[in-house]
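Scroll down for the structure; my scribbles are underneath it.
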Amino acid sequence: MYALVDGNNFYVSCERVFRPDLKHRPVIVLSNNDGCAIARSNEAKALGVAMGAPWFQIKHLEKQAGLVALSANFELYGDMSDRMMRIASALGHGQEIYSIDESFIDLTGVPGDLVAHSHKIRSRILQRTGIPCGIGIGATKTLAKLANHVAKTAERKPGSYPEQLAQVCNLGTMNQTELESVLRATEVQEVWGVGPRISKQLNEGGIKTVLDLIQMDVAAARRGWSVGLERTIRELQGTPCIGLDDAPSPKQEIACTRSFGKPVSDFDPLREAVTEFASRAAIKLRKQCSLAGHIKVFIRTSPFRDVPQFSRFAMVPLLRPTADTTVLAHAAVMGLKAIYRSNFKLSKAGVILMDLQSDQVKQGELDFGDAVDGSRVRLMSAMDALNHRFGRGAVYLASAGNKGIKRAWSMKQERRTPAYTTRLSDIPVVRA
DNA sequence: TCTGGGGTCCTAGGACCC
DNA sequence: TCTGGGGTCCTAGGACCC
């Protein structure tokens with residue numbers, strides 16, 4: 001058995017912990033650059049704000065309906081996530097942290113009433129972090145996901161499912177009739193692994209509810225779609241195909257990409273941006289003890305704007321795999337030089353580290369006199385240590401531009417709340 | 001004016017091999 | 001008239017996830 005613990009409207013819930021005045025009001029959190037809605041309170045959902053809705057299209061709701069929009073504050077969400085995950089792990093014996101607000105728990109060998117136990121953990125998370133959760137339980141991860149959807153929907157939309165399934169839902173203990181009525185009440189697009197494309201195709205073939213999907217012939221699913229859909233159906237039928245991944249393997253790619261606050265045409269700001277992105281990606285790379293073999297750089301115009309379009313990338317091979325910020329940033333800028341053209345209003349750039357491998361692998365090579373210099377590795381460790389101790393940006397490459405000055409390409413974040421839990425200067429003060 | 005960022009997996013098709 | 005068969009590896013692109 002698996003459980004899925006998932007924070008409700010997670011980013012909004014994090015904000016509400018420190019802004020109780022936002023409770024019961026329509027609130028959304030915006031993506032970087034204050035671009036579009038990436039989290040919505042129930043009240044905002046009820047207003048009809050869609051996931052991913054561009055802010056400029058819904059901005060009128062600010063005055064019309066009291067909609068509150070906040071800039072994304074990932075420093076806060078990451079810390080709140082750590083706290084929630086720690087408490088959630090007590091639900092079972094193994095935990096896979098699947099995303100910032102979700103974790104799967106292995107319930108194998110957990111004795112007693114799983115629903116009562118889950119309610120207890122749910123209350124503990126709410127009490128100690130302020131984050132409300134939904135917990136779904138099922139024989140497979142896909143069923144646990146589905147149960148979680150039921151638990152959250154039953155709470156948010158009374159009448160959608162039986163009331164007692166709200167907050168915690170165990171599909172594993174339902175009788176056939178109850179289970180079928182839940183499956184019939186749920187549309188295929190709610191299933192984990194079935195996206196908009198496949199659900200549309202399934203609907204056209206008359207498969208509309210999860211009950212229809214569960215009864216589908218797995219061979220036909222494989223022929224018509226892929227092994228992925230076959231696996232999803234088998235999981236829905238109760239055959240585990242996806243195990244708990246509680247020791248995630250290192251990333252195979254590490255990216256840092258950003259849209260700019262406003263369009264950029266000149267080379268210098270692009271060089272700064274690409275240097276900055278390469279530096280940030282390199283930090284992540286060293287954190288997982290990897291080296292990169294290739295670095296990909298791209299720049300592009302906005303596909304949403306009616307301007308001459310431009311989109312190019314360069315793949316730069318590294319002489320030898322490295323995690324050295326200066327080498328990676330230099331390679332990225334070389335790539336940028338190769339693809340840069342003036343006279344375009346560029347809106348986004350990014351760097352992707354590829355062909356990653358462990359930093360423990362020693363590649364035998366001929367010595368051409370420029371072999372890996374241990375002092376460079378120590379320099380990187382020193383940089384990481386300084387930035388960790390004194391905050392990001394304490395030391396950085398000069399070619400990333402002066403961080404003390406507003407950089408032409410920096411992103412827009414006009415509505416960001418403080419880092420309440422991670423910066424001394426931002427910690428709330430309680431007055432007697 | 002204004003539309004996110006960071007990943008994974010699967011498949012088809014081409015290059016290449018004998 | 002008529003142009004093999006079987007395999008691997010790599011890559012680009014699609015679909016999906018949050």
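In what follows, every chain begins at residue 1, and chains take the letters A, B, ... in the order their sequences are listed. Side chains included, hydrogens not; waters and symmetry mates left out as well; all remaining heavy atoms used.
One finds no salt bridge joining A:K296 and A:E253 here, because no Lys/Arg side-chain nitrogen approaches an Asp/Glu carboxylate oxygen to under 4.0 Å. Classification of A:D324 and A:R376 as a salt-bridged pair holds, one side-chain N sitting under 4.0 Å from a carboxylate O. The pair A:E43-A:R16 counts as a salt bridge, with a side-chain nitrogen and a carboxylate oxygen less than 4.0 angstrom apart. We find that A:E75 and A:R423 are joined by a salt bridge, their nearest charged nitrogen and carboxylate oxygen being less than 4.0 Å apart. Salt bridge annotation for A:K141-A:E102: absent, with no cationic side-chain nitrogen under 4.0 angstrom from a carboxylate oxygen.
Rounded to an integer number of Å, the gap from CD1 of A:I198 to P of B:dT11 is 11 Å. Nucleotide B:dC2 holds its P atom 17 Å from the CE atom of A:M411, rounded to whole Å. Note: CD (A:Q252) to P (C:dC10) measures 14 Å, nearest angstrom. For the pair A:R197 CZ and C:dG13 P, the interatomic distance rounds to 15 Å; values are reported in whole Å. Spacing between atom CG of A:N73 and atom C1' of B:dG4 amounts to 16 Å, rounded to whole angstrom units. One interatomic measurement links the two molecules: CH2 of A:W225 to P of B:dT11, which rounds to 14 Å at whole-angstrom precision. Atom CG of A:D101 and atom C1' of B:dG7 are 15 Å apart (whole Å).
Using a 4.0 Å cut-off, some side-chain N or O of A:S259 falls inside it from OP1 or OP2 of B:dG5. The shortest distance between the side-chain N/O atoms of A:R258 and the OP1/OP2 oxygens of B:dG6 is below 4.0 Å. Here A:K348 reaches the OP1 or OP2 of B:dG5: one of its side-chain N or O atoms lies under 4.0 Å away. When the side-chain nitrogen and oxygen atoms of A:K200 are compared with OP1 and OP2 of C:dA15, none of them lie within a distance under 4.0 Å. One finds a side-chain N or O of A:R305 lying less than 4.0 angstrom from the OP1 or OP2 phosphate oxygen of B:dC2.
Between the P atoms of B:dT3 and C:dC17, the separation comes to 25 Å (whole Å). Rounded to whole Å, the separation between the C1' atoms of C:dG4 and B:dC16 comes to 16 Å.
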(message) Let me check I have this right: for DNA chain B, each base becomes ., (, ), [, ] or |, based on Watson-Crick or G-U pairs with both distances under 3.5 Å. What is the full string?
(response) ....||||||||||||||
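Within 4.0 Å of A:N33, counting heavy atoms only, lies no atom of the nucleic acid at all. Among the heavy atoms of the strands, none lies under 4.0 Å from A:G228. Counting any heavy atom pair closer than 4.0 Å across all strands shown, A:P196 reaches sugar-phosphate atoms only and no base atom.
Two residues, A:M51 and A:A255, neighbour DNA chain B, and the one matched to the more 5' nucleotide by heavy-atom proximity is A:M51.
Under the side-chain contact (heavy atoms from CB on, under 4.5 Å) rule, A:L61 has a single partner from A:I28, A:V49, A:V68, which is A:V49.
The distance from atom CG of A:L183 to atom CE of A:M174, rounded to the nearest 0.5 Å, is 8.5 Å.
In terms of modelled atom types and a separation under 3.5 Å, the side chain of A:D212 and the main chain of A:T209 share a donor-acceptor contact.
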